[in-house]
Amino acid sequence: MFKDVPNTVDFVAQEHQILDFWRDGNVFHKLKTLRQAAPRWSFIDGPITANNPMGVHHAWGRTYKDLFQRFKAMQGYQMRYQNGFDCQGLWIEVNVERDMGFKAKKDIEAYGLDEFVNACKRQVLRHAATQTEQSVRLGYWMDWNDPDLLRELETKMAQDPSQTLTVEGPNGAVTDTVEQLVGRLGLPELGGSYFTFSNENNYTIWTMLKKCFDRGWIYKGTDVMPWCSRCDTGISQHEIVTDGYRELTHTSIFLRFPLRNRPGESLLVWTTTPWTLTSNVAAAVHPDLTYALVEQGTDRFWLSKGALENAIRGDYRTLEEKPGGELEGWAYDGPFDELPAQQISGAAEGHRVILWDEVGEAEGTGIVHTAPGCGAEDFELSKEQGLPVIAPLGAEGIYLDGFDWLTGRQVHTVADDIFENLKQKGIVYRLEEYTHRYPVCWRCEEELVFRLVDEWFISMGEQLDKPYEQVTEAEKEQNLRYQMMEVVLNETKWYPSFGLARELDWLRNMHDWMISKKRYWGLALPIYECHECAHFHVVGSLEELKELAVEGWDKFEGHTPHRPWIDAVKIACPSCGAAASRIPDVGNPWLDAGIVSFSTMQYRTDRDYWGQWFPADLISESFPGQFRNWFYSLIAMSTVMERRAPFKHNFSYATLFAEDGRAMHKSWGNAIWFDDAAETMGVDVMRWMYCAAKPEQNLLFGYKHSDEVRRQVLIPFWNVYSFLVTYANIDGWRPTATLWKDTPQRSENLLDRWILSRLQSTVRSVTERLETFSPDGACRIVEDFLDNLSNWYLRRSRRRFWKSEADTDKAAAYQTLYQVMVTTSRLLAPFVPFVTESIFQNLVCSVDPDAPESVHLSDYPAVEEGLVDLSLEDDMKLARDLIGLGRAARNQSGIKTRQPIGRIGIGGISEKQQAAVNGLAALVLDELNVKEISFHEGIDEFATYTIKPNFKLLGPKYGRNVQAIAKAMSATDALDLKRELDGSGELEIQADGVSYRLDRAEIDVQSANREGYAVEADAYKFVALSTELTHELILEGLARELVNKIQQIRKEADFNVSDRISLSLESTPTVHEAFERHRAYITHETLTTIVVESSSPNAFLKSQKVNGEDATIGVEQVT
RNA sequence: GGGCUUAUAGCUCAGACGGUUAGAGCGCGCGCCUGAUAAGCGCGAGGUCUCUGGUUCGACUCCAGAUAAGCCCA
């Protein structure tokens, strides 16, 4: 006996049972053992930030990762199964700051850097534990750490990081301090997920930076960049995440810059950032725009003609016009010339009009206030034009010395006072509220300002003014940019394919990579600056550091390479020998993630091992953002290290939204937490939603969608399984132990042969789709197959299972359905690992003691070519099409399916197809409830025709003349054409004076209309049913109706399906005639053993209409 | 301003290689089935396949341009 399978199932509860089964049976480790000598398939996981619980959007990506890994495992490959956690950087810091209630960097310093860094590590461990548990819940098979161990480490880190602890690793016990154990997580001796805060990850980045340094690609640059004054750090181009802008309203100001040599005249200037006016050095105009001098009261302004309407309020008079070019060099009084910073820099003295092509007049005044210390474009301009640079802001957005009353003030607090100051100076024209998209800090939402800073960069190579194809080898040799493009073009494939174009676009245009950040928790950049000789040196390894160290080594030793411990070490400057300190900056976190194709695969310690796994066969992440983030950093670092691409295939996918089409947002009430989704929908359902989604399109995720998937995919699948087990148990049918993997025997039954062929075709297509990274295509194919299985094979086969005698046909039905279900479970195991496991356990493991103990330890099904019968699949398709047409005809005529019909006529199909229909006639007759089928050449008996050319054949043959032929055909009576065609087998058509001979195949004959028949037709074939009902047919219809009614009454009376009954019937003579004529049939179908004249008082009685005739039916159980 | 993507039924989406009745699910209407049944099946209504040009005998499909939306960059 199989374990009973109810037709309703709690998928969620079942998933928990399966999880227990996998865990208790160590099934994942058995899989690794099973494949340990197999060929390798390399997947590199993009690290998930261990900063929050996992979201349903993460589950999308993780489902893909698991899908491909499970698929490849069943195909017989070994894998590394290493998950990754992203651990360092500002996003971790920000959350820890928030938890601790810190407002600014000085709070961190007051708290103590060592404690803060420790807290960051603990935060990572905590969330890594949670995300691990959630991933396991999803069914994501990876070499996971024990979450309890991660929590234990977190606790012990809080107690005392220097205490010693022993933990079990894959190759035995490892003893070390807690701090070092945490620093060694993910390394071979400890196993489990990799953590980007690991010592190995950090030191491998050092190796990479050293290579850059040796090539002269690392430099310290001065730049004006977006700055968050709260985080007190620059926001690099590479890390502004998707929504780094907000719609914000600021008070903008129109003000006058009085011209020094044109008394009474001013430039009218506009800005939305009044704090930058302190640092004005020039005013830019477009050389080709027209500028006007307008008079308003006693004021005279210059501004661009196109900006007049927008800028000027009230009446004015235009006095004069000049092209912008003629304004060049005009000197003016700046708004803050009294400030020491203006005086010392020479800006106050030198204010003048400059020309700039980027000036526009769509907003503002067409004259752009230029402050090179406060804006990136302005800074560029200052370099071109030799303008002084005034940098007003220091750390935390505080005005520096030289700004008088502003010095010491915070930039976000000064706007009103600046307006007041300018009003007193009498140069304000007007203020205006202005709404625009303004950059904000992607972590804390603080409005960004632009600040002149020193940061460290990796040079990405000059952008050459020519297409990639024309870049020479010699140029490439020196240029990381083109080396990256080269490896990407030559060695990688992208899914969806447009990913390649997007990555190349980024590579072509990317700026140098800013790798420094003035923060605390992250990679310690191994850059040592000598204050004696200004030389800087990059240290490439721990060993080199030790060798060069001149002080502080004792304070660092035993710690992970993080601040503050690493900062204690000073080295001897390789140039002058003086003691040099590490720059205090930490690294950009994409360095951490980008190095993992080296750091996690023992690049530094076991180059052979690394070579076996590099490059990855696959990486997979969500594409928004990653083209310039992880994909980019991975490629950049791999190119620096080896000038090779880090992966062969990149499968990426879009963004997950809520069902309302908007981003999920807690405050909008449309967010769904992973845990809730998993326990409500079940993860198999979620996984199917993810797999079936088109990866290049955004996925709308929600409960409505999940209900649909459950109803349309999982429940039908489960119901077929439930049906099989239920009847197998009733019949005592048992498969032989090896039946699940035996080649199916040839069944005499066409349905069996058909479904087995369909199964093979499905196996073939699904495998192809998975091999080409098209899971959505695979899902569509599977859904089609499940529909075939459930709504055709099983529906048509039901009676084969019910019949009481155990004949060969019944055995064939059981064997077939059994083998189909087992193979389908294996086929779907990578997609929906839980339900398929449940089915496999019951159908296979309970029978065959030698079977793999899990479906996931079995092999992926291979196509059994011998079972493929494409012509049978075509024939069945034809039969189903005809049945569809027949049903449509019934619908049209209003004759329900229970009413038998004498004959249907079928036409428009070839003789071969007729033979096929004859072969499947029993099916067609039964489905349509008709007595016989007749075939017809033409439809004239049932309807009229339309005749059209077969465009597909005639188009290539006659070209444009096809249209003329079509016209000529439609002008002729279709019946005449049909007769001619039937007579001679061909058709002669005169069109535009030319005569064409068309044979049968070149003509489409289509039907329409009806006359006493109900006819339905598609492009070439038709089904006509005779609507005439003989007395015999009517009686038979009544009989079937009676069976139906009696069955319903049985159900209303709450009888069991196997209860025998006595029956009474009181009705019209016609109904009694029908009953007598079909008595055997009716009593057999309804399990009636006694027919009584009048019912006993205990009988269940019901009066109703039966096909319009009054009838009272009584039923009673017979004991 | 540049790169990439998307535009098909009320909604969510399918529609290699261009072929003349453009499909599914949901929703809606009608019907069927009832030994998978708090399911299932069928039929129907509903679409100028965003617009404009072009290529072609023929364009939802290919090309160009426009419009709108999204992502990225400037």
Side-chain angles (χ1 to χ4, degrees), chain A residues 5-8 237 240 242-243 358 360 376-377 496-506 508-511 623-629 654-655 657 659 661 692-694 696-700 702 704-705 707-709 711-712 715-716 718-727 730 776-777 780 783-784 787 790-792 794-795 798-799 801-802 883-892 894-899 927 929 946 948-966 1004 1006 1008 1016-1020 1043-1044 1047-1048 1050-1051 1056-1058 1085 1087:
Chain A
V5 177
N7 57 40
T8 52
Q237 181 200 15
I240 295 179
T242 47
D243 52 353
E358 300 296 313
E377 290 173 321
S497 57
F498 63 77
L500 175 63
R502 289 183 71 154
E503 188 63 44
L504 286 174
D505 182 57
W506 167 261
R508 216 174 281 123
N509 299 304
M510 65 188 171
H511 295 183
F623 55 69
Q626 299 302 349
F627 292 105
R628 59 178 176 168
N629 288 332
T655 307
F657 288 118
E659 228 155 32
K694 265 199 157 185
E696 63 267 41
Q697 269 174 227
N698 295 334
L699 168 62
L700 306 191
K704 192 167 154 251
H705 186 180
D707 285 344
E708 232 171 81
V709 166
R711 257 213 341 267
Q712 261 169 302
I715 287 181
W718 186 264
N719 280 343
V720 175
Y721 164 60
S722 164
F723 181 97
L724 168 64
V725 168
T726 303
Y727 285 95
I730 289 173
D776 56 316
R780 250 177 282 125
E783 288 180 16
D784 188 47
D787 181 69
S790 167
N791 289 330
W792 194 247
L794 187 61
R795 192 158 66 77
R798 277 198 295 231
R799 283 187 180 256
F801 293 89
W802 298 338
I883 288 163
L885 290 172
R887 287 206 178 114
R890 267 189 179 275
N891 229 42
Q892 183 199 116
I895 302 175
K896 61 183 165 189
T897 310
R898 261 201 304 266
Q899 174 60 57
E927 276 291 312
N929 195 15
T946 327
K948 284 185 179 176
N950 181 334
F951 286 94
K952 190 162 188 170
L953 288 177
L954 291 181
K957 194 165 172 184
Y958 294 124
R960 66 166 1 109
N961 299 325
V962 177
Q963 302 301 331
I965 295 171
D1004 277 344
Q1006 297 176 2
E1016 287 288 337
D1018 64 12
Y1020 64 97
V1043 169
N1044 174 244
Q1047 300 286 29
Q1048 280 181 27
R1050 285 179 59 111
K1051 192 173 286 181
N1056 282 324
V1057 286
S1058 53
E1085 285 292 313
L1087 301 186

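We name chains A, B, ... by the order of the sequence lines, and we start the count at 1 in each one. Basis for what follows: all heavy atoms, side chains included, without hydrogens, waters or symmetry-related copies.
Residue Gln697(A) is in sugar-phosphate contact alone, with no base atom involved, counting any heavy-atom pair closer than 4.0 Å across all strands shown. Among the protein residues, Gln1047(A) comes within range of no part of the nucleic acid, since none of its heavy atoms lies under 4.0 Å from any strand. Residue contacts for Arg887(A): at a heavy-atom cut-off of 4.0 Å it reaches the sugar-phosphate backbone alone, with no base atom in range. Phe498(A) comes within 4.0 angstrom of the backbone, heavy atoms only, and of no base. No contact: Ser722(A) has no heavy atom under 4.0 Å from any strand.
Spacing between atom CD of Glu503(A) and atom C1' of C73(B) amounts to 13 Å, rounded to whole angstrom units. To the nearest angstrom, P of C43(B) lies 12 Å from CD of Glu927(A). Atom NZ of Lys704(A) is separated from atom P of G25(B) by 14 Å (rounded to the nearest Å). Atom-to-atom, CG of Asn698(A) to P of U5(B) comes out at 15 Å; the value is rounded to the nearest Å. Straight-line distance from the CG atom of Asn509(A) to the P atom of C4(B): 11 Å, rounded to whole Å. Rounded to a whole Å, the CZ atom of Phe657(A) is 9 Å from the C1' atom of C71(B). For the pair His705(A) NE2 and C13(B) C1', the computed distance is 9 Å after rounding to whole Å. Between the CD atom of Gln626(A) and the C1' atom of C72(B) there is a distance of 13 Å, rounded to whole Å.
Between G47(B) and G15(B), the distance separating the two C1' atoms is 14 Å to the nearest Å. Straight-line distance between the C1' atoms of A59(B) and C51(B): roughly 15 Å, to the nearest whole Å. The gap from the C1' atom of C11(B) to that of C28(B) amounts to 12 Å, rounded to the nearest Å. If you take atom C1' in A66(B) and the same atom in G42(B), they sit 44 Å apart, rounded to whole Å. For the C1' atom pair drawn from G27(B) and A45(B), the interatomic distance equals 13 Å after rounding to whole Å. Going from the C1' atom of G58(B) to that of A7(B) covers 24 Å, rounded to whole Å. Between C33(B) and A14(B), the distance separating the two P atoms is 36 Å to the nearest Å. On the C1' atoms, U55(B) is 8 Å away from C62(B), given to the nearest whole Å.
Minimum atom distance to the side chain of Gln712(A) is reached by G25(B), of the listed G25(B), G3(B), U34(B). In this structure, of G35(B), G3(B), C33(B), it is G3(B) that holds the atom nearest to the side chain of Asp505(A). Minimum atom distance to the side chain of Ser790(A) is reached by A36(B), of the listed A36(B), C73(B), C4(B). Side-chain atoms of Asn791(A) lie closest to G40(B) of the nucleotides C4(B), G40(B), C73(B). Nearest nucleotide to the Asp787(A) side chain, out of C26(B), C41(B), A14(B): C41(B). When distances are taken from the side chain of Arg711(A) to each of G3(B), C43(B), C26(B), the shortest belongs to C26(B). The listed nucleotides are A36(B), U34(B), C4(B); the one nearest the side chain of Gln1048(A) is U34(B). Ranking C4(B), U12(B), C73(B) by closeness to the Leu700(A) side chain, first place goes to U12(B).
Residues Leu700(A) and Gly661(A) come closest through the heavy atom pair CD2-CA, 3.9 Å. Closest of all the heavy-atom pairs between Glu783(A) and Ala692(A) is OE2-CB, 4.3 Å.
Between Phe623(A) and Leu699(A), the residue whose closest nucleotide on RNA chain B is further toward the 5' end is Leu699(A). Two residues, Ala501(A) and Lys1051(A), neighbour RNA chain B, and the one matched to the more 5' nucleotide by heavy-atom proximity is Ala501(A).
Between Tyr727(A) and Trp802(A), the ring-plane angle classifies as tilted under the 30° and 60° cut-offs.
A side-chain donor-acceptor contact under 3.5 Å links Asn929(A) to the backbone of Thr897(A). Between the side chain of Arg887(A) and the backbone N or O of Ile883(A), no donor-acceptor pair lies under 3.5 Å. Remark: the backbone N or O of Asn698(A) is not paired with any side-chain donor or acceptor of Thr655(A) at under 3.5 angstrom. No donor-acceptor pair under 3.5 Å is formed between the side chain of His705(A) and the backbone N or O of Glu659(A). With Ser722(A) contributing its side chain and Trp718(A) its backbone, the two residues share no donor-acceptor pair below 3.5 Å.
Dashed line: the shortest gap from a side-chain N or O of Lys694(A) to OP1 or OP2 of C13(B) is not under 4.0 Å. Note on Arg795(A): every side-chain N or O is 4.0 Å or more away from OP1 and OP2 of C33(B).
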_If you apply the rule side chain to side chain contact (heavy atoms under 4.5 Å, CB included), what do you find for Leu724(A) with Val720(A), and how did you get there?_
CA-CA 6 Å; Leu724(A) 168 64; Val720(A) 175; 5.7 Å; no

*asked:* Run the side chain to side chain contact (heavy atoms under 4.5 Å, CB included) test on Glu503(A) and Leu500(A) for me, step by step, so that the C-alpha distance in whole Å, both residues' side-chain angles and the decisive distance to 0.1 Å come before the verdict.
replied: CA-CA 5 Å; Glu503(A) 188 63 44; Leu500(A) 175 63; 5.6 Å; no

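With the 3.5 Å cutoff on both pairing distances, Watson-Crick and G-U pairs in RNA chain B assemble into runs of at least 3 at B:1-7 with B:67-73, B:10-13 with B:23-26, B:28-32 with B:40-44, B:50-54 with B:62-66.
Looking at Arg798(A), its side chain comes within 3.5 Å of the base of A36(B) through a donor and an acceptor atom. Counting distance only, with no hydrogens placed and no angle test, the side-chain atoms of Arg898(A) and the base atoms of C33(B) include no donor-acceptor pair under 3.5 Å.
Within a 6.0 Å radius of CD in Glu696(A), other residues, nucleotides and ligands contribute more than 12 heavy atoms.
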*Quick one, give me the B/S/- string for nucleotides 56-69 of chain B, reading 5' to 3', where B means a protein heavy atom under 4.0 Å from the base and S means that only happens at the primed atoms, P, OP1 or OP2.*
-BS-----------

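The pair Glu1085(A)-Arg799(A) meets the salt-bridge criterion, with a side-chain N (NZ, NE, NH1 or NH2) lying under 4.0 Å from an Asp/Glu carboxylate O. Electrostatic pairing of Asp776(A) and Arg780(A) counts as a salt bridge here, judged by a charged N lying under 4.0 Å from a carboxylate O.
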